[in-house]
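Have a look at the structure below before the remarks.
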Number of protein chains: 2
Amino acid sequence: MSRPPTIKDVAERADCGIATVSRVLNGRGSASAQTRQKVFAAAAELGFEFSPLGRSLQSNSTRTIGCIVPSLANPVFAEVVQAAQTEMLRQDYQLILACSDYDEGLETKAIRTLLSKQVDGLIVTVSDAQSSAGLDLIRARSIPCCLIYNRPGNGLPSWTVDNVGAAWAVARAFAKHGHVHTGFLALRFKRSDRSRERYEGYVAACTSLGMSRPSLLEIEEQEGNLLELLGGLLAENQNLTGIFASNDYLALAAMKTARGLGKTVPGDLSIVGFDGISTGLMVEPNLATVITNPQAIGRGAASTVLAQLTGAAAPEQPDPAETFSFRSGGSLASPGPDRPDDGEAVTPPSSYQQPRSR
Amino acid sequence: MSRPPTIKDVAERADCGIATVSRVLNGRGSASAQTRQKVFAAAAELGFEFSPLGRSLQSNSTRTIGCIVPSLANPVFAEVVQAAQTEMLRQDYQLILACSDYDEGLETKAIRTLLSKQVDGLIVTVSDAQSSAGLDLIRARSIPCCLIYNRPGNGLPSWTVDNVGAAWAVARAFAKHGHVHTGFLALRFKRSDRSRERYEGYVAACTSLGMSRPSLLEIEEQEGNLLELLGGLLAENQNLTGIFASNDYLALAAMKTARGLGKTVPGDLSIVGFDGISTGLMVEPNLATVITNPQAIGRGAASTVLAQLTGAAAPEQPDPAETFSFRSGGSLASPGPDRPDDGEAVTPPSSYQQPRSR
DNA sequence: AGCCACATTGGAAACGTTTCCAACACCTAT
DNA sequence: ATAGGTGTTGGAAACGTTTCCAATGTGGCT
């Protein structure tokens with residue numbers, strides 16, 4: 001049970017200096033065929049592997065990327081993280097994960113910790129990209145960093161969804177079906193600039209399309225039962241014929257709640273979600289929603305960071321209009337007597353289609 | 001933009017040796033009040049922080065735990081990982097994540113990589129805990145490791161659900177409602193010993209409760225459309241009145257598919273899931289399922305590994321019977337004309353209740 | 001005065017790498 | 001034969017820590 005062999009052991013066994021071993025095994029510098037032979041043999045016999053620690057100390061790089069997301073409970077982030085991890089693995093980098101739980105303090109603390117851990121780069125979602133103590137720290141160290149789901153800004157690139165464009169698409173869909181009074185439903189509105197972007201885009205779109213200004217249905221914090229809170233909100237807003245929820249989970253909850261209040265969906269209330277999680281297709285009626293591609297975002301963000309590290313060309317970001325596609329579904333129809341849409345899916349742009357695997 | 005200050009810089013500024021700085025800042029060994037004062041001042045002025053790299057090299061510990069799960073697309077694993085990460089953060093450890101994508105080869109490779117990265121411990125789900133090349137590697141290095149969702153074995157502890165017990169509970173529920181011919185629905189059966197345990201427990205329970213031996217409805221690989229594959233399976237098994245799905249997502253898909261075939265749920269077909277994901281409560285009828293507590297499992301596994309590292313007492317695992325609770329729901333009722341259950345939830349044991357936050 | 005115990009301190013080794021550089025051997029063109 | 005090149009090689013420094021150990025200083029005791 002001896003500790004793993006070091007380069008010194010190999011050198012000894014191959015009867016040469018450690019510098020030579022390093023050169024041979026790393027394939028740089030010169031070495032005679034015979035020496036190479038001996039070194040390889042010795043390394044193989046001992047089962048030698050370089051210690052990343054010694055290496056990191058020397059090279060000042062850890063082959064490690066930090067990743068901070070609000071929560072993995074949101075399947076969108078779970079998919080992003082998995083895709084990023086997969087991409088990084090391909091390039092032999094490791095991913096260190098931290099969750100900020102939508103808390104700006106934790107967020108900053110996590111960034112600080114990861115920075116001190118000497119990560120080579122970061123992939124982060126912050127609650128507000130325009131003013132974030134954590135991002136300031138990152139910029140101060142000028143470490144490769146890519147945002148996800150945040151508005152790009154302050155010199156940091158971001159892979160995200162065109163929230164404003166998507167909100168317009170939703171507004172147009174509501175308008176097409178003749179809705180006038182609709183609402184925007186959000187959870188933790190204050191802590192997510194994504195949500196705010198969607199809301200602002202939606203307000204602009206609605207007013208500009210001749211609908212009334214959408215109400216904001218906001219759930220501050222999820223203390224207690226989400227369904228109850230929703231019930232209260234919906235009851236207070238009986239005049240609305242449509243609701244745009246800032247994510248699919250909320251949308252599903254809203255459908256459930258509406259039914260509980262004796263309303264039919266979409267007859268009494270139309271509902272549109274955001275994200276395109278696959279469960280939206282399991283309910284009756286199908287959930288109309290904005291389909292996004294977390295996998296492409298995760299992969300893209302990872303490549304962007306790695307490119308900065310390796311000097312490769314940064315991957316090109318898709319056209320904003322390709323970052324989402326609207327999926328119609330039975331949950332959206334004209335207000336009034338039930339006349340459900342058939343829920344046929346709009347085909348998303350092929351290059352950006354999401355392979356759903358579970 | 002000079003590089004971060006090192007202990008040497010602090011020593012110089014405080015006009016003392018680096019050994020002294022190390023002692024003072026780490027609070028071990030003695031130092032005069034005056035020296036302490038100077039060192040603290042110097043460190044503060046420079047904004048000094050220890051480099052974990054140098055430290056690790058010296059101490060042979062990285063304060064890093066590897067975590068390998070099949071996929072984050074499964075919300076159960078996403079929650080487990082998040083809970084583990086949170087617990088580790090509390091003790092100032094980092095989590096390195098890898099996904100095996102249900103592939104035993106990738107699984108082993110990931111373990112190998114993490115081991116060479118010098119993680120201090122591992123939290124792993126493998127596809128077969130009884131014969132796993134990766135686990136052998138771990139044991140050979142005798143590194144702290146805790147399994148999740150695997151049967152404990154070969155000396156490795158595991159936090160998991162009592163799959164067999166849960167399967168019995170499901171069988172009893174079906175039996176109580178008078179079902180005789182039921183099936184077990186699984187995806188990637190071969191690659192998950194969890195699924196197999198549930199199936200075996202279910203078979204044993206059914207036969208022992210006087211029901212017929214359940215059919216195995218298996219989806220090998222999800223090439224193509226899950227709903228279509230399911231449609232085929234359900235069509236081939238028209239005689240069944242109930243289906244126990246090995247996870248909630250499958251259960252929801254089965255509900256959807258059944259409706260597509262013109263069957264009512266639960267009238268023509270009762271369905272029970274596994275996991276207790278919150279979306280199960282958003283559909284109509286509510287999904288009957290086995291509720292589990294991924295958060296407790298993640299937290300527990302993390303504590304178990306950390307305890308081995310710090311020498312603390314390992315946290316006690318809950319009684320197997322407390323690792324799950326059966327939740328009745330509208331998707332399960334007596335076969336025949338629709339007479340839906342009201343779907344009232346069974347209260348899980350209080351100490352093991354899951355706070356759902358999203 | 002002499003001695004010992006004890007607190008404080010810093011030099012140096014060790015952890016496992018990479019890389020600079022000097023040393024050396026060998027070969028070839030003058 | 002000699003100078004100059006080329007290809008191999010290993011010693012040593014550097015990366016940032018911790019910790020052993022020896023050296024120094026201080027005080028109290030007989």
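- Residue A:Ala31 is in sugar-phosphate contact alone, with no base atom involved, counting any heavy-atom pair closer than 4.0 Å across all strands shown.
- Closest approach of B:Ile143 and B:Leu122 over heavy atoms only: CG2-N, 4.5 Å.
- Contact annotation: B:Ser32 side-chain N/O to C:dT9 OP1/OP2 distance is under 4.0 Å.
- As judged by a 4.0 angstrom heavy-atom cut-off over every strand, A:Thr35 is placed among residues touching the sugar-phosphate backbone only.
- Between A:Arg36 and A:Val39, every side-chain heavy-atom pair lies at or beyond the 4.5 Å cut-off.
- Spacing between atom CD of B:Gln34 and atom C1' of C:dA7 amounts to 15 Å, rounded to whole angstrom units.
- A:Gln58 places its CD atom 10 Å from the P atom of D:dG16, with the value rounded to the nearest Å.
- Of all heavy-atom pairs between B:Arg191 and B:Tyr102, the closest is NH1-O, 2.6 Å.
- For C:dG16, the base has no donor-acceptor partner in the side chain of A:Arg3 [N/O atoms by modelled type, under 3.5 angstrom].
- In this structure, the helix from C:dA1-D:dT30 to C:dT30-D:dA1 shows an angle of 70° between the axis at its start and the axis at its end, each fitted on 5 base pairs and rounded to 10°.
- The residue B:Arg23 sits close to a base: some heavy atom pair falls under 4.0 Å.
- When heavy atoms are screened at a 4.0 angstrom cut-off, A:Ser30 is found touching base atoms of the nucleic acid.
- Residues forming a side-chain hydrogen bond (donor to acceptor under 3.5 Å, both in side chains) with A:Arg28 (at least two apart in sequence, or on another chain): none.
- Atom CG in B:Leu57 sits about 9 Å away from atom P in C:dT17, given to the nearest Å.
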